[in-house]
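Just below is one structure, and these are the notes that go with it.
Note: hydrogens, waters and symmetry copies are ignored here, and every other heavy atom, side chains too, is used.
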Amino acid sequence: MAQHAVITGVPRTGTQATPPSRREINDFVKDNMQFSLFIQALQAMYKTSQKEGLSHFQIGGIHGLPFQQWETSGGAQSVGDWGGYCTHGSMLFPTWHRPYVATYEQTLQAQAVQIANTYTTPDKAQWQNAALNLRLPYWDWASNAVPPSQVISDARVTITGHDGKQTSVTNPLLGYPFNPIDPSFNGSPYAQWPTTLRHPTSNRSNAQSNVKEMISDLQSNARSIRTSTYNLLTRVSTWPAFSNHTPGDGGSGSSSLEAIHDGIHGDVGADGHMGDPAVAAFDPIFFLHHCNVDRILALWEALHPTTWVTSGPTNGGTYTLSDDATETSTTDLAPFWNGATTYWNSDACRNFETSLNYTYPEFAGLSGQDANTVRAKIGAIVNQLYGGTSRRNFAFAAAGAQGATGHSITSVAEKILAAVKHTAPAPLAAMQLFATPAATPAATPAATPAATPAAAPAGSQVQFEIAGGAQNKYNDWSARIHTKKFELNGSYSILIFIGPVPTDPKEWRASPSYVGAHHVFANSRMESCENCRRNSTENVEGFIPLNEAIAAHSGLNSFDPAVVEPYLKKELSWRVQKADRSSVDLSQLPSLQVVVVALPLHLHEGEIFPKLGIPVLHNGITQEYCEWTARIRFNKYELGGSFSVLIFLGEIPDDPAEWRSSPNYVGAHRAFVSVGSGDNRNDPNAITEGFVDLNSAIASKSGLNSYDPKEVVPYLRRNLGWRIQKADRSPVDVSEVPSLQIVVIATPMKMKEGEPFPEQCGDPKHHHEVTSGKPGGCYE
């Protein structure tokens, strides 16, 4: 007999022809019987001793802390760098979490069966049947950005008890009450909080979850999450690009399943438990979230029936996987035993309906159908669930391209939409209108105008002609983000904006110009994570869709590069924010690279989804920048000995002894000459020249987060200053060095993909206006 818990999934009964379906949480909470049993089963798991393997605490602890053995799996200590069993940044990320969720579901359902057996009502058999069919609900965050109140805000919920009476009970879905707080939490805020928190109001023991802030964050990212999920399901065709957040999108211009998953953790948790992989699984919403992650995997499986786990590195290892191991579809998914001596692996849990005895609503009636039929049915559902926002934006912009204004744009857009089934991809007419550039503003070089067919009546076939014989295609724009996962010692986000950015970081995510964010889901305790320290250079990747924001804000009515590139170059920007929503200066994240990608999409009649073209990196939008320097010239013999010209950004201390230690000190250009060399001042080689780099100081002090001259020049005019100091550190009045000339220069630079260093891409521009009028400033 096994000396550990064996994960079978919920046991199959003889009366079940097909496995019961996991249900979306908004639907689930309406079912009084199953919801009542679910709440009571959660309460029972919470009451189970934290020392028991199938308690809520122990199952949650599999993921991270307390970094200890579970159910005899592995040795006394971790063999990998990460102390938990979970696989992140790994080929096994999607499949490892499948038996993990099943473990929780199996335990929860067993509790529900015991509870149903205690009912004394005439309909006891119905309660018992409800328990047999109970499965863990999922929260489809791509369709319903905010969970129902029963999950996030109701302090008490009403259920039907064993005696048939309605009763109000404390809501266990709001958080898990630790009993006790585990010693492994010491040294972190988690040691102060008696329950799991979401967006905690403080680090003190009386902190509460800030539900309003959490809802705001979820709502602000709803459009981006839905589009990202649609792109993942319809574009990504390789397992490495689908499975995890390490760089490599396979040419899809899409975030991976793990990258999208990371964002939900950040939006729900912020700097609370869900925002940290070491403690995220203690929050009960974790399993509703990961149930949906598994559902997205199931949908992708149906759309790509011949693609499955490919081999790859362990990326630091886990409690049972060494850091130099290779993962395959037969790698043990420890600690999830499926027998006395064997574990689940990815191949074993691929067919979840037969192996783990659950399904999802989308697969109703598809049992026994061939792969092509299943793919077509699931494809239509994906278009209907997640393609709507893109379809509406395409149609609206297409109507604008036809020259409609005001309310007529809406009416034309509705006619375009009405001519296409909801289960189809973006309207073909709209996509074709975007195939050629719209009329451009006067400041932009003229482009070929798009065709402007008349909108067809609702329900009729849309007719169109395309100028220049363009194909049924358009460019899908996204911001690709690469950054080092552990660079900020915890979770953080890169926020993308199109348009003005508020100065207050608390207003960033609610701003109309906010487009979306790439969230980095990282352990906040580097000292307890050898993997975090050893793999401090590990990069992660994510994509933020831009088309909907371009259509909504630009007024271009075209996705052609001729008009989009100059628009994004002017309007696109980004900010960095820690999990606690405090801002991070870009200079603290030197690994960050943001590049805009345009992916051509082709739509052919009869296809479920558009076909992908070859992505084009528009480095000039984000990776062209100005290198700012202060050029210093003077006669090096003017003071008869060595001296320095010191450059500052900001207030300069009165005491010369404090100049070089001042936080506003940027750098210096030095004259290295012999004492008594003043007679050489007429030497033709007496003029010396040096440059002091300003970019790092601008990034760390200005708050501009931009090197654009329109922003930098006014800032430097207010803040750039200089002083002169002899070798003995005594001050020198600027009037004593009449030859001094300081001018600020901006040199255009460009980063090329794959190149280690930027290259100059234009002529330097001298901004005399910065220093002109100041002693030592250049007047030319």
Side-chain angles (χ1 to χ4, degrees), residues 94 140-143 145 221-245 247-264 292-293 295-304 307 375 378-394 423-427 430-431 434 473-482 496 515-519 540-552 559 564 594-603 607-617:
D140 182 8
W141 25 254
S143 287
N221 285 313
R223 181 173 64 182
S224 179
I225 291 168
R226 178 174 297 188
T227 303
S228 294
T229 302
Y230 183 73
N231 292 347
L232 173 72
L233 291 168
T234 62
R235 297 184 193 173
V236 179
S237 59
T238 68
W239 185 263
F242 170 78
S243 63
N244 69 89
H245 58 211
D249 64 309
S252 66
S254 170
S255 290
S256 65
L257 176 63
E258 185 176 17
I260 298 170
H261 143 278
D262 291 351
I264 301 300
N292 194 53
V293 170
R295 172 177 160 272
I296 298 298
L297 167 60
L299 295 175
W300 191 86
E301 287 181 71
L303 295 171
H304 305 85
T307 304
R375 182 177 184 274
I378 297 300
I381 293 173
V382 167
N383 278 325
Q384 185 171 15
L385 284 175
Y386 307 129
T389 303
S390 295
R391 295 171 73 252
R392 186 165 296 278
N393 275 288
F394 277 122
T423 54
M431 299 176 86
F434 280 110
K473 63 181 181 181
Y474 69 99
N475 283 296
D476 190 86
W477 295 84
S478 60
R480 190 196 72 187
I481 299 168
H482 283 183
I496 299 296
V515 180
H518 173 57
H519 183 75
V540 294
E541 176 183 80
F543 290 79
I544 305 301
L546 301 178
N547 279 49
E548 293 163 35
I550 293 170
F559 293 138
V564 172
V594 180
V595 64
V596 172
V597 181
L599 177 67
L601 295 181
H602 303 250
L603 182 63
E607 291 291 339
I608 302 175
F609 308 124
K611 298 293 185 182
L612 312 186
I614 299 174
V616 177
L617 303 182

Checklist entry - Any idea how Trp300 and Phe242 line up, ring-wise: parallel (<30°), tilted (30 to 60°), or perpendicular (>60°)? => result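 Ring orientation, 0 to 90° scale: parallel.
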Are the side chain of [X] and the backbone N or O of [Y] linked by a donor-acceptor pair below 3.5 Å?
| X | Y | answer |
| --- | --- | --- |
| Asn383 | Ile608 | yes |
| Arg226 | Ala142 | yes |
| Ser256 | Asn244 | yes |
| Ser478 | Arg480 | no |

Hey, does [Y] have a side-chain heavy atom less than 4.5 Å from the side chain of [X]?
| X | Y | answer |
| --- | --- | --- |
| Pro94 | Leu297 | yes |
| Val540 | His518 | yes |
| Ile481 | Glu541 | no |
| Leu233 | Ile296 | yes |
| Leu546 | Ile496 | yes |
| Asn475 | Leu599 | no |

Checklist entry - Regarding Tyr386 and Asn231, is there a side-chain donor-to-acceptor distance under 3.5 Å anywhere? => result no
Next on the checklist: Less than 3.5 Å apart, any donor N or O on the side chain of Glu258 or Ser243 sitting next to an acceptor on the other?
Outcome noted: no
Next on the checklist: If the test is side chain to side chain contact (heavy atoms under 4.5 Å, CB included), which one of Val236, Thr229, Val293 qualifies with Leu257?
Outcome noted: Val293
Item to check | N-O pairing of Arg235 and Asp476 below 4.0 Å | outcome: yes
Next on the checklist: Rounded at 0.5 Å granularity, tell me how far CG in Asn292 sits from OG in Ser143.
Outcome noted: 8.5 Å
Next on the checklist: I'd like to check the side chain to side chain contact (heavy atoms under 4.5 Å, CB included) partners of Ser224; sequence neighbours left out, ordered by chain and number.
Outcome noted: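 Testing Ser224 for side chain to side chain contact (heavy atoms under 4.5 Å, CB included), a comparison that skips the adjacent residues, returns Ser228, Ile544, Pro545.
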Sequence neighbours left out, what passes side chain to side chain donor-acceptor pair (under 3.5 Å) with [X]? Give chain and number order.
| X | answer |
| --- | --- |
| Asn221 | Asp267, Tyr514 |
| Trp141 | His289 |
| His261 | His265, His290 |

Ignoring hydrogens, what is the shortest heavy-atom contact between [X] and [Y]? Give both atom names and the distance.
| X | Y | answer |
| --- | --- | --- |
| Arg375 | Leu303 | NE-O, 3.1 Å |
| Arg223 | Ala552 | NH1-CB, 4.5 Å |
| Ser255 | Leu232 | O-CD1, 3.4 Å |
| Ala479 | Val594 | CB-CG1, 4.3 Å |

Item to check | Phe543: partners by ring pair (Phe, Tyr, Trp, His ring centres under 6.0 Å), with sequence neighbours left out | outcome: none
Next on the checklist: Please list all pairs meeting salt bridge (charged side-chain N to carboxylate O under 4.0 Å, His left out) that have one or both residues in residues 295-304, counting only residues at least two apart or in different chains.
Outcome noted: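 Counting only pairs at least two positions apart or across chains, the salt bridge (charged side-chain N to carboxylate O under 4.0 Å, His left out) contacts touching residues 295-304 are Arg98-Glu301, Asp140-Arg295, Arg295-Glu362.
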Next on the checklist: Is there a side chain to side chain contact (heavy atoms under 4.5 Å, CB included) between Val597 and Val616? Walk through the geometry before answering.
Outcome noted: CA-CA 6 Å; Val597 181; Val616 177; over 6 Å; no
Next on the checklist: Please tell me whether Trp477 and Phe559 form a close aromatic pair, meaning their ring centres lie under 6.0 Å apart.
Outcome noted: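 No: the rings miss the under 6.0 Å criterion.
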